[in-house]
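Here is how names work: the chains are called A, B, and so on, in the same order as the sequence lines, proteins then strands, and each is numbered from 1.
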Number of protein chains: 2
Amino acid sequence: MLSAALRGELVKILGKGNVSFEREALVSYSYDAMNRKYPPDGVAFPGGAGDISRILKMANRENFPVVPRGAGTGFTGGSLPIEGGLTLSLERMRNIREIDAENLTADVEPGVITGDLQAEAESRGLFYPPDPTSVKFSTIGGNIAENSGGPRAIKYGVTRDYVLGLEVVMPTGEIVFTGTRKTLKGVVGYDLTRLIVGSEGTLGVVTRAFLRLLPLPPAQKTMLITFKSLEDAAGAVSSIINAKIVPATLEIMDSVCLRCVEEYVKAGFGGVEAVLLVEVDGREDGVGADVEDIRRISTENKAVGFRVASTKNEVKDIWRVRRNVSPSLNRVRPNKLNEDVVVPRSRLVELVRGIRGIAETRGVLIASFGHAGDGNIHVNVMFDKTNADETGRGEDAVKDIFELTLSLGGTISGEHGIGIAKLPYLSMELTPDTIEVMRKIKRTLDPNGILNPGKIFSKERSPGYI
Amino acid sequence: MLSAALRGELVKILGKGNVSFEREALVSYSYDAMNRKYPPDGVAFPGGAGDISRILKMANRENFPVVPRGAGTGFTGGSLPIEGGLTLSLERMRNIREIDAENLTADVEPGVITGDLQAEAESRGLFYPPDPTSVKFSTIGGNIAENSGGPRAIKYGVTRDYVLGLEVVMPTGEIVFTGTRKTLKGVVGYDLTRLIVGSEGTLGVVTRAFLRLLPLPPAQKTMLITFKSLEDAAGAVSSIINAKIVPATLEIMDSVCLRCVEEYVKAGFGGVEAVLLVEVDGREDGVGADVEDIRRISTENKAVGFRVASTKNEVKDIWRVRRNVSPSLNRVRPNKLNEDVVVPRSRLVELVRGIRGIAETRGVLIASFGHAGDGNIHVNVMFDKTNADETGRGEDAVKDIFELTLSLGGTISGEHGIGIAKLPYLSMELTPDTIEVMRKIKRTLDPNGILNPGKIFSKERSPGYI
């Protein structure tokens, strides 16, 4: 609980309209896409790094947790105040301060919605590639905290690859600048920028980000390719890569996804067992040649359908299939555990086959789709949480999937992070020595354990706040 | 000094032929490209992570410095044992363990020479882009320690962008694995991989690296473009970027460089004040179109010469100009301070003009060349170190250049690191709070300060070793 005195001090720091202790606000800020509720004891809406610095110094002095929050679209509970305390919503800090077309950089505040930055960049012929599926809602600050990926990672990398420098308020309140503002290169001291990226809001609060932009590719082509077997689709993925084509997007959907989405959008997938969604971009001539190469490769891999979108609406139609997979699954079972394992691309067939086996053994429905091009598959274990037995079998299936993934040389999270959802599984992937190195860093930068406590690692020390 | 007992223990750990205390060895391992001599008290040639772990545990127990070393091609003293102790030469660990063409990855030991990895990758139609000028001698381990760049960074990024995961021996001897082996994505815990990259051998010893490869671009074109003024050349750089062409290389040489190199290679640069070396790569058709676009842009920016290499020998000829700049400078003055400042690309003309002013004010000769495409310029302040007055003016000029660079929104090191050479200037760029965050990380991971002490930061604590 935050005492009346502490509440008063927060009001003094932030101004009256910028902090709330009302029940409605606390409930509104109690959940993320993981769908578990942890109401904070207060919600602050800071206007800048100075506010946040003062709040963090106060939190260290008074020993209460502070949990930064973007749009709350995360899947692993990164923004949930599981020990209560103060939620720091960065939604007021949402200025795009500058788009610099000559240096190909952007200077943005953390509350900027990623899709808004993309649109603004595109209107100037520029391109911000990272595109998590939540792109219309999630914020740059949240994307940085989670090192968000998305379908374009195969060609363009992830959020980390577009962060040049950061203004960060450290857990103890110091405002520091990391990295560079407008240059790609810079090796002065340790790479604090990338230590902060992906640290899930546990090592600092990002208050300003200098991002790298690219020139917008002049042409783009979108293809939907259907196969009668998963093996054929996976074969096509390998052949495309081996032909030295680097698609901007190379997505796969398995038969369970196709059954669900078929009911939902009537895409005409009768008899189809796997679908690839491929996008290529670049110069007009090169893109045309890529499409022809991919058409030939698809035929060689026994594709039964090959569609190239020739209008913007056709592109939308193709993406509608992919974007409706997730909602359509919810119509089959009310709940799902949405994992984001990654395996080396060459092990994709083994992964998806193994997952089918697990679904059978555990008696649960599992739908797999995602980023075949980089081996990052979203595995959706579906269940009804009012059914304790089914829920238990679903949880067992998740553990099986993680074991399978690691045995194939993969990783248990490609883009969602650990948060609280995968915390119990962390030691399946990392050794105690590796975890201890990470905890040493956390302890030295946040000695009182006040910033986003209880995330990533099992609990180290409590701020003793109740 | 290493006592007889310690020497005996090291011989026991490494085997007799794999550690030396002979004067000749100590002298051979006493310098790098910075050209200052600090002989170690012993040189160890470990065969793997186990050896290194045992040595580091012993060093912590016995309080002696350990300094990892690749090929010793660094410019800032990163591999110099400035406090004596044991040099850890990684030259025995030089296996390319695997090139995985399907997953586009390599698994290499730190002593692999970067050029050898490039050649091995290219022989399989693959591509390892980072190419510091030292590429024929420097090692992957050294490149990782310094986060090496090179001319291709504008399109392909730097070493950091190609490191997927690392096996690292921590300063206290634990062997940890960071990141991923064969996947682009992976967000499990903090990004220790990139904390190690660029840490200049102060946070751990890399014993194995999993690297990302690309498909080798099928076509490449190399151009040499001459201008009568620096402003025209810089205008062409901006126009190329604004035209949304992303060259693989975009190098500039100023008039001082051209005078020196002209004497050396007779390139026919009479009346030329600036030269651009441009390379484009990609699909054959796209590359041809790029060349035509760049030709048009060059004409618009008053280029006086435009040469496209049409044979491999012509490509070599063009690169011979660029590669001979550095050696040709040494014929003019015997010594040089080789800096690697970076400014936002749009400030390039201001930087080079400012440097001319500094050269005039300080009465020293300064030659500038380098990576115009990413704003990373190698500024060579030339002097004769037997002339104390000229040496002093050269050092003053370096400080002026750093001040100018920072005032233009740049950074004092793009690829060489801090080491001991730039240590006195660190606080010009970083605030005390930022430096303190870095030192906290160093102290928590290397509490006895035994790994590569005295680098990057001014001295924190001595291991008390004499």
Between Val343(B) and chain A, with a heavy-atom cut-off of 4.5 Å, which part of the residue counts as in contact: side chain, backbone, both or neither? backbone

For the candidates Gly410(B), Gly409(B), Ser413(B), which exhibits the highest count of non-hydrogen atom pairs separated by less than 4.5 Å from chain A? Ser413(B)

Apply the test side-chain contact (heavy atoms from CB on, under 4.5 Å) to residues Glu415(A) and Asn147(A): give CA-CA distance (whole Å), side-chain angles for both, the deciding distance (0.1 Å), then the verdict. CA-CA 7 Å; Glu415(A) 41 190 25; Asn147(A) 189 17; over 6 Å; no

Should Ser238(B) and Glu102(A) count as side-chain neighbours, where that means a heavy-atom distance under 4.5 Å? yes

Salt bridge or not for Glu436(A) and Arg443(A), using N-O below 4.0 Å? yes

Measure distances from His416(A) to the heavy atoms of chain B and classify the residue's part below 4.5 Å as side chain, backbone, both or neither. backbone

So what's closer than 4.5 Å to chain A heavy atoms on Arg194(B): side chain, backbone, both or neither? both

Check: Glu339(A) and Phe75(A) side chains under 4.5 Å, non-hydrogen atoms: no

Does any heavy atom of chain B fall under 4.5 Å from the side chain of Tyr425(A), the backbone, both, or neither of them? neither

side-chain contact (heavy atoms from CB on, under 4.5 Å) between Ile99(B) and Leu126(B), intermediate numbers included: CA-CA 9 Å; Ile99(B) 303 256; Leu126(B) 302 173; 3.7 Å; yes

Interface residue of largest heavy-atom contact number with chain B, from Ile245(A), Val197(A), Asp374(A), under 4.5 Å: Asp374(A)

Non-hydrogen atoms of chain B under 4.5 Å away: do they reach the side chain of Arg283(A), the backbone, both or neither? side chain

Just checking heavy atoms, which of residues 179-187 of chain B are less than 4.5 Å from chain A? Thr180(B), Lys182(B), Thr183(B), Leu184(B), Lys185(B), Gly186(B), Val187(B)

Looking only at Thr411(B), Asp290(B), Val188(B), the option with the highest number of non-hydrogen pairs under 4.5 Å against chain A is Val188(B)

Atom CD of Glu284(A): over 12 foreign heavy atoms under 6.0 Å: no

Option in Val341(B), Ile435(B), Ile418(B) with maximal non-hydrogen atom pairs under 4.5 Å from chain A: Ile418(B)

Flag, side chain of Arg152(B) to backbone of Pro129(B), donor-acceptor distance under 3.5 Å: yes

Asn143(B) and Thr159(B): side chain donor to acceptor below 3.5 Å: no

Could you look at Asp161(A) and say if it's the side chain, the backbone, both or neither that has a heavy atom under 4.5 Å from chain B? side chain

Counting only heavy atoms closer than 4.5 Å, note whether Ala243(A) contacts chain B via side chain, backbone, both or neither. neither

Would the distance check show the side chain of Lys442(A) and the main-chain N or O of Thr202(A) forming a donor-acceptor pair, the cut-off being under 3.5 Å? yes

Side chain / backbone / both / neither for Ala101(B) at chain A, heavy atoms under 4.5 Å: backbone

Proximity breakdown for Ile154(A) and chain B, heavy-atom pairs closer than 4.5 Å: backbone

Check: Phe210(B) ring centre within less than 6.0 Å of Phe177(B) ring centre: yes

For Ile456(A), which atoms come within 4.5 Å of any heavy atom of chain B: side chain, backbone, both, or neither? side chain

Under 3.5 Å donor-acceptor, Ser239(B) side chain and Gly235(B) backbone: yes

Region of Leu430(B) that comes under 4.5 Å of a non-hydrogen atom in chain A: side chain

Any idea which of Pro217(B), Pro218(B), Gly189(B) has the most non-hydrogen atom pairs under 4.5 angstrom with chain A? Gly189(B)

Side chain, backbone, both or neither: which part of Leu216(B) has a heavy atom under 4.5 Å from chain A? backbone

Side chain, backbone, both or neither: which part of Val437(B) has a non-hydrogen atom closer than 4.5 Å to chain A? both

Is the shortest heavy-atom distance from the side chain of Leu203(A) to the side chain of Leu451(A) under 4.5 Å? no

Should Lys455(B) and Leu423(B) be marked as a side-chain contact (heavy atoms from CB on, under 4.5 Å) after you check the CA-CA gap, both sets of side-chain angles, and the distance that decides it? CA-CA 7 Å; Lys455(B) 306 297 169 65; Leu423(B) 188 154; 5.8 Å; no

Aromatic ring proximity, centroids under 6.0 angstrom, Phe127(B) and Tyr162(B): no

Picking from Lys422(A), Arg347(A), Arg345(A), Glu200(A), which has the most non-hydrogen pairs under 4.5 angstrom with chain B? Arg345(A)

Are Asp293(B) and Lys244(B) ion-paired here, with the side-chain N under 4.0 Å from a carboxylate O? no

Contacting moiety of Ile196(B), where chain A heavy atoms sit under 4.5 Å: neither

Under a 4.5 Å heavy-atom cut-off, does chain A meet the side chain of Asp433(B), its backbone, both or neither? both

Using non-hydrogen atoms and a 4.5 Å limit, figure out which bit of Val246(B) sits close to chain A: side chain, backbone, both or neither. side chain

Given the options Thr431(B), Thr178(B), Leu104(B), which has more heavy-atom pairs under 4.5 Å with chain A than any of the others? Leu104(B)

Who wins among Ser346(B), Gly286(B), Gly375(B) for the most heavy-atom pairs under 4.5 Å with chain A? Ser346(B)

Do Asp340(B) and Asn376(B) come within less than 4.5 Å of each other through their side chains, counting heavy atoms only? yes

Hey, does Val237(A) have a side-chain heavy atom less than 4.5 Å from the side chain of Leu250(A)? yes

Can you tell which part of Met438(A) gets under 4.5 Å to a heavy atom of chain B, answering side chain, backbone, both or neither? both

Would you say Leu195(A) and Ile441(B) make side-chain contact, with heavy atoms under 4.5 Å? yes

Under a 4.5 Å heavy-atom cutoff, which of Ile175(A), Val176(A), Ile241(A), Leu426(A) has the most pairs with chain B? Val176(A)

List the steps and the verdict of side-chain contact (heavy atoms from CB on, under 4.5 Å) for Leu192(A) and Thr434(B). CA-CA 9 Å; Leu192(A) 299 181; Thr434(B) 307; 4.1 Å; yes

Hey, which of Gly157(A), Ala153(A), Ala289(A) has the most heavy atom pairs under 4.5 Å with chain B? Ala289(A)

